Asker: 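Quick one: the structure is below, questions incoming.
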Protein chains: 2
Amino acid sequence: MVKFELDERLTRDSERLTLLGLCDVRLMRDSRWPWLVLVPQRPDVSEVFDLTPLDQAVLTFEQNLVASTLKKATGAVKINVGALGNIVRQLHVHVIARFEGDANWPGPVWGHGSAVPYEAQPCDEFKRKFLEALQS
Amino acid sequence: MVKFELDERLTRDSERLTLLGLCDVRLMRDSRWPWLVLVPQRPDVSEVFDLTPLDQAVLTFEQNLVASTLKKATGAVKINVGALGNIVRQLHVHVIARFEGDANWPGPVWGHGSAVPYEAQPCDEFKRKFLEALQS
């Protein structure tokens, strides 16, 4: 059996927030938006429809849990969800909190400018808030 | 009970391909990419997690059916799936066939340039091919 290993670029660009039943839930190292990525821990999968039907259902559940929690934790106007994978082929689902007037609003976050790293304090604060909301 | 009505901008920018159990499956009037939009026929919903759990599961099923069919019908390198809604708030899920070297590859399709209308023949051909693949 092939073992799941997180893609190198995802490893570099994000850090783990928590593990759910299927997905590694990660925070992008980019303070411009509260931006999470869910990575189903399955090897050799690049499209959602490559997952088994059960994994597809679990992904939907975890994705919607994370999305609604992110909305609650941030008060975002809109949550953006996307699975693109044109560059990193390992299946990963973006869940991003958007606000009127944020960077590139109302356009997409992907491909817009360069990442702005977090300062330690706002990053810790965000993580605490998100994980608290996830448990409540 | 509030009746579902398709958003004006979605009506203008796309045309119906077929109706599934939950979703209106529509073709964007933009020949730069084979670009479909699924609109769950439920009023007053703007986030996937606003749907009932059953509707969430059905949306996942229909979305993956449409995505795998689009890949089969077009031979795309990658399928891009996204629910953004920063401009049109009625919940709609984009399913787009991407090819190396297509417009804005490997960036996202949203917010890139202006739509290029289809000629009648390639449009009819695409619709026939997609609907055949959906039924097979």
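Just so it is clear, the values below take in all heavy atoms, side chains as well, and ignore hydrogens, waters and symmetry mates. Chain letters run A, B, ... following the sequence lines, proteins first, then strands; residues in each count from 1. From a predicted model like this one, the values you see are computed outputs, not experimental measurements.
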Asker: Tell me the closest heavy-atom pair linking B:N86 and A:N80, and the distance in Å.
Answerer: OD1-ND2, 2.8 Å
Asker: Does anything in residues 91-103 of chain A get under 4.5 Å of chain B by heavy atoms, and if so which residues?
Answerer: A:R98, A:E100
Asker: For chain B, which residues from residues 32-51 of chain A have at least one heavy atom closer than 4.5 Å to it?
Answerer: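 Result: A:S46, A:E47, A:V48, A:F49.
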Asker: For B:K129, I'd like to know if atom NZ has over 12 heavy atoms of other residues, nucleotides or ligands within 6.0 Å.
Answerer: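 Not more than 12 within 6.0 Å, no.
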Asker: Indicate, with yes or no, if A:L27 and A:L6 share a hydrophobic cluster defined by side-chain heavy-atom contacts under 4.5 Å among Ile, Leu, Val, Met, Phe, Trp and Tyr.
Answerer: no
Asker: Any chain of hydrophobic side-chain contacts (each under 4.5 Å) joining A:M28 to A:F130?
Answerer: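 No; tracing contacts between hydrophobic side chains, which count when under 4.5 Å, never links both residues.
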Asker: Do B:L20 and B:L10 sit in one hydrophobic cluster, given that two such residues count as connected whenever their side-chain heavy atoms are within less than 4.5 Å of each other, even indirectly?
Answerer: no
Asker: Spell out the residues in residues 105-121 of chain A that have some non-hydrogen atom less than 4.5 Å away from a non-hydrogen atom of chain B, in order of number; otherwise answer 'none'.
Answerer: A:W105, A:P106, A:G107, A:P108, A:W110
Asker: Determine which residues belonging to residues 56-77 of chain A lie within contact range of chain B, meaning some heavy atom pair is under 4.5 Å apart, and list them by number or answer 'none'.
Answerer: A:Q56, A:T60, A:N64, A:A67, A:S68, A:K71, A:V77
